Engineer: 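Handing you a structure now.
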Amino acid sequence: MTAPLRFAALRGSSAFQRLCAFHPDLAQRGGPLSSLGPPMPAMHSLGKLPPYKALSDRQAACLYWAAAGKTSWETSRILEVAESTVNFHLRNACTKLGVRGRRTAVVVALRHGLLDSVIE
């Protein structure tokens with residue numbers, strides 16, 4: 001099948017039936033699936049990254065250990081703080097970086113040079 005995926009290709013599927021429950025006029029359409037919603041905004045190019053706020057030392061340390069594969073509990077033992085404190089710093093780092101989740105925060109921090117490389 002070539003892009004864009006057409007509604008006709010999905011008509012008999014249960015996924016299509018569930019979509020029709022939310023979009024009753026869907027069965028009459030024959031256009032691309034992208035016509036269901038508004039267009040998505042363009043993503044940032046890799047060359048032009050938006051500026052981010054600097055991470056605190058604790059946020060950077062928690063992200064560093066998350067990048068090394070440590071859990072919040074393991075990081076709390078390494079940094080000698082409570083596990084909830086580690087989670088607090090990771091949540092704040094995610095907020096500063098504008099992401100959801102520690103993995104994405106690690107990637108964004110590494111791309112922006114806010115975090116020392118974990119691999120030596």
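Everything numeric in this text was worked out from a predicted model, so none of it was measured.
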Engineer: Indicate if V106 and I78 have the same hydrophobic cluster label, given that clusters are the connected sets of ILVMFWY residues with side-chain heavy-atom separations under 4.5 angstrom.
Structural biologist: yes

Engineer: From H89 NE2 over to S84 OG, what is the distance, rounded to the nearest 0.5 angstrom?
Structural biologist: 9.5 Å

Engineer: Once side chain to side chain contact (heavy atoms under 4.5 Å, CB included) is applied, do any residues pair with T71, and if so which ones, sequence neighbours excluded?
Structural biologist: W73, E74

Engineer: Between S72 and L90, which heavy-atom pair has the shortest distance, and what is it?
Structural biologist: OG-CD1, 4.1 Å

Engineer: Do you know the tightest heavy-atom contact between C94 and G101?
Structural biologist: SG-O, 3.4 Å

Engineer: Once side chain to side chain contact (heavy atoms under 4.5 Å, CB included) is applied, do any residues pair with A93, and if so which ones, sequence neighbours excluded?
Structural biologist: L55, Q59, L63

Engineer: Which distance, rounded to the nearest 0.5 Å, do you find between the CG of N92 and the CG of N87?
Structural biologist: 11.0 Å

Engineer: Grab the two heavy atoms, one from A66 and one from R102, that are nearest each other, plus how far apart they are.
Structural biologist: CB-CD, 4.2 Å

Engineer: Give a yes or no on whether L114 and V99 share a hydrophobic cluster (residues Ile, Leu, Val, Met, Phe, Trp, Tyr; joining criterion: side-chain heavy atoms under 4.5 Å apart).
Structural biologist: yes

Engineer: Once side chain to side chain contact (heavy atoms under 4.5 Å, CB included) is applied, do any residues pair with R100, and if so which ones, sequence neighbours excluded?
Structural biologist: none

Engineer: Who are the side-chain hydrogen bond (donor to acceptor under 3.5 Å, both in side chains) partners of S76, not counting sequence neighbours?
Structural biologist: none

Engineer: What residues form a side chain to side chain contact (heavy atoms under 4.5 Å, CB included) with L79, not counting sequence neighbours?
Structural biologist: R58, A61, C62, W65, T75, V81

